[in-house]
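What follows is a single structure, written as structure tokens, with notes after it.
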Amino acid sequence: MIPSKFDYIKASSVDQAIELLDQHGWEAKILAGGHSLIPAMKLRLNNPSILIDISGIGELNSITEQGDEIHIGANCTHKAIANSDLVQKHLGLLADAANTIGDIQIRNRGTLGGSLAHADPSADYPAVVLACDATIEVQGKNGVRSVAATDFFQGTFTTALEGDEIITSIRFPKVSQGNYQKFYQSASRFAVVGVAVVKDGNDVRVGVTGVSDAPYRATAVEEAYTGNADAAEHAVDGVEVMSDHFADSDYRAHLARVFVRRALEA
Amino acid sequence: MGAFVGKPIKRREDARFLKGAGKYTDDLKLHGMTQLAFVRSPFAHAKILSVDTSKALQAKGVVAVYTAADGCGEFGVPCGWQVDFKNGETMREPVHPLLAKDKIRHVGEAVAAVVAETLEEARDAAELVEVDYDPLPAVTDPEKAMSKDAPLVHDQWEDNAAFDWCIGNDRAEVEAALAGAHHVTEMEFRNQRLAPNAIEPRSYISDYDVNADKWTLYTSTQNPHLIRLLLCAFVLGIPEHKVRVVSHDVGGGFGSKIYHYTEEALVTWISREIGRPVKWTADRSEAFLTDAHGRDHMVRAKMGFDKEGKILGILSDEYCAMGAYLSTFAPAVPTYLHGTLFQGVYTTPLIHLNVTAPFTHTVPVDAYRGAGRPEATYLLERIISKGAQEMGIDAAEIRFKNFIPPFDGVNQEGYQTQVALQYDSGNYEATLKRGLEMLGYEDFRKEQEKARNNGNGKLLGVGISTYIEGCGIAPSAVVGALGARAGLYEVGQVRVQPTGKVSVYTGAHSHGQGHETVFAQFVADALGIPMDDVEIEHGDTEQVAFGMGTYGSRSLAVGGSAIIKSIEKILEKGAKIAAHKLEASEADLEYADGKWTVKGTDKSISFGDVSLTAYVPHDYPEGLEPGLDFSSFYDPTNFTYPFGTHIAVVEVDKETGKVDLKRFVACDDVGNVMNPMIVDGQIHGGIAQGVGQALLEEVIYDDQGQMISGSYMDYALPRADDLPMIETDRTVTPCPHNPLGVKGAGEAGAIGSTPAVVNAVVDALSHLGVTDIQMPLTPQRVWKAMQN
């Protein structure tokens, strides 16, 4: 459990972090909460030669109300999100999802931006980000850009982020009715299946994590939805379902249907 | 009863543990100490074509790099128990090399050892060692290992069997009884492989003193004296009196730290080679890959019943994995620690167990909390419940029909089983009666019926397990006849200091059990002195005369008895001194409350004054040696047999198969209880581990022999929120053959609980026609059982 040698720089601003990232290229990794990266480094599965620590960049720490949106800085910890009055009031499902992540120590350190950038296919936030139709604000050497949640997640540990970009904040439209339902993997307590549902009148948006190699919007469910939960039967339509020793693809697909239904009914 | 025995006294050792001030091996930093890192095989079965250490030797901070070609290759760690084939052929005992020589036999087997100034440097250099492997097909399943085309783990033998074995009545007789039975219940299951997961990983430091030509080995072992004996006499051939083995605080073992491991011998060898101390501490990944695992039995069994539900016989055929090599106690686990418990708590007249123990391309399997008894209990308690289910008899009722009637081992004789043992004392029906009462069994059945009909998607189930186990290991002559290569007595020395303070040296070893408290309780009571006047020392071969360590719930029953023997000698000699000082006859003295008194007078002398006299013998009995210091060996006359009833209540989510353990009721009988709080703690911890096996834990190897559950991301241990508040009670049936009347409590929880939980889940699903589910009962397995 000893990582390879690496250099460490604590960035004091987003601009500095991007400059360092640009300078060191693929040799560098961004360190936020470190709760995915550091274990991978200790197992020597990931051996960056330099870590750029962004955890001290204060400008990424805020949670603010901006009209119809809540803006959450990338550095906000799971704990800060779960405990935020603004999040609880306008994004209850995000607070709920944050509270299901790992344990207290992890929630004290892990960050929203870190989790999204890492893009573990079983992470909780992506389901919520998709269901909320949130926008991910990123910044790189060519400036800032906004990426829609549906464009952000591309596969296991793969996102739309360019090599020199970091996530700065996530813009969530306020949600009046939504919830997050999760079936825990018994060892890691990641989601075997995690389903976020946001309802807007007769429209519904459904984000699903844990089921495939990337989180997805269950569009077949959304299209079939007419106010009752029968649409849950379409939870994995067109989706290649993952399989492991906790849940093979049949069982995982079944769970996806059960948890989409529970989320639609909740 | 004295002032301390039987009281829930808080553990003395916890003050240092809770403050993070325990003294564990990895906490030690010796002057000039080097660090060792291993190069381990990524393959389960492979030829080693070449090992190139040249780059590693050049790396910064590297002191030395060793492979099997460097002298240590000639040594191997031995097995401590011999079980020969049924046909008389000797057990096949392969050399277990300190570093793999020509062939790899499990993932994680060490190929090279890199010693460097720092751990970081050792790790970096280990990555520079180039090993060229030729991977070969592997076999990890114990039954497949015995198929004709299975790859051989050891090429020198024609198949993978290490030995085979049977016990009980004649097979044909048992088969005839089953053929004539009113009902026969069959089961086929894998008692799955478990990783022990002690919180402190294994850690060893060897410090070789060039000038004295002596070693000190600091080791996280349950068994310091046995490690010294094996290391010196059976591995390295170094004189035993030149080696001191120290195991101060050890953070759990559950069996996995009984054994003598290759790494322990290798650090000892290396420290002399380099003339400096060398430390190795396993990281968690190495622990998964190299700590001896538990269980891994493939079982096919039948139990026959008459029409009333009386058991007529049981027959079981089992394949029990040994792993790649024979670990220290491995052959005893699926045989003498397993087959001898097939009587259970029932009057079963005919029993036959047949075991085949193959080598597999996995880490060795050995004793893990309960060791053979949980596997026996699981089979018995599942198959009797399955039989009851199939015959439409209540699970409690079928047990009452079959219990061995109560016997105390004093007024009634011990119970002679069909499988070699004689139970010491037992009242099995009493624990079930109490357990059912604690649960409210009748009311539960009504609640269950209601839950099935209310349509909320939750199914309730109750599961009963009435277990017995064999502890207090062990009468030496008995185990010697069964293949043990060691005696299993214990040593207890009581040294009274001149001021009357008492130092006790025990060969038992505490790695979480609380010896420092419990032993002080009964010593203080036996001598009538304050607990603060008693100190318990263990875990150092230069302090403690000898010892056989702690496992098999033996510390109090065997180790405690040895201490009691020494206390008797102390009091006998003390009485002589007291009689002299009081100018009375020994026969006229009585000892109570820490003083000798002349009966019927107020003339007395305190324990402290007698102690001082023993060391300042100016006015002293003629011919009596000075001093007050006795050591005793205690070899038990029988095993001890704790028993009890565990009852689980579960709620199953019909849609997901998720099992929620709602209640757990345990009524155990561990004989006399020295400290009820510690017994409760042992029972709670054991139940947590047993629940872990039932619902969560499994070491999984894939077809290539890769471990795919080698981290806490994939290996599920029970957590606090997986468990309900455990409800405990006890009955007390003292052990008739040891002075404290104790039976042992360390493993009972892990033995009794597992089948209770599985029985409860099957009960919840019984109306759907479910009669069995393979462990662990993951939501997926439970859901699939409901679909079929």
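Being a predicted model, the structure only gives us computed values, none of them experimental. Letters go in sequence order (proteins before strands), and every chain restarts at 1.
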Side chain from CB out, backbone as N, CA, C, O: work out which of these in A:Phe190 comes under 4.5 Å of a heavy atom of chain B, or both, or neither. side chain
Do A:Arg44 and B:Asp124 have side chains that get closer than 4.5 Å, going by heavy atoms? yes
Heavy-atom neighbours of B:Lys458 NZ exceed 12 at 6.0 Å: yes
When the 4.5 angstrom heavy-atom criterion is applied to B:Pro779 and chain A, the contacting part is both
Where does B:Asp653 contact chain A at under 4.5 Å (heavy atoms): side chain, backbone, both or neither? side chain
Chain A: which of B:Asp283, B:Ile708, B:Leu696, B:Asp722 shares the most heavy-atom pairs with it under 4.5 Å? B:Asp283
Is it the case that more than 12 heavy atoms not belonging to A:Arg109 sit under 6.0 Å from its CZ atom? no
Chain B contacts, top residue of A:Asp250, A:Asp248, A:Val258 (heavy-atom pairs, under 4.5 Å): A:Asp248
Can you check whether A:Phe183 reaches B:Lys658 side chain to side chain, under 4.5 Å on heavy atoms? yes
Electrostatic pair A:Arg189-B:Asp721, nearest N-O below 4.0 angstrom: yes
Minimum heavy-atom separation for A:Gln185 to B:Asp714, with atom names? NE2-OD1, 4.2 Å
Between A:Arg257 and chain B, which part of the residue has a heavy atom less than 4.5 Å away: side chain, backbone, both or neither? neither
Residue pair B:Gln780 / A:Leu255, side-chain heavy-atom distance below 4.5 Å: no
If you tally heavy-atom pairs under 4.5 Å against chain A, which of B:Glu655, B:Glu127, B:Gln787, B:Arg284 wins? B:Glu655
Side chain, backbone, both or neither: which part of B:Thr778 has an atom under 4.5 Å from a heavy atom of chain A? neither
Side chain, backbone, both or neither: which part of A:Arg262 has an atom under 4.5 Å from a heavy atom of chain B? side chain
So for B:Glu698, is it side chain, backbone, both, or neither that comes closer than 4.5 Å to the heavy atoms of chain A? neither
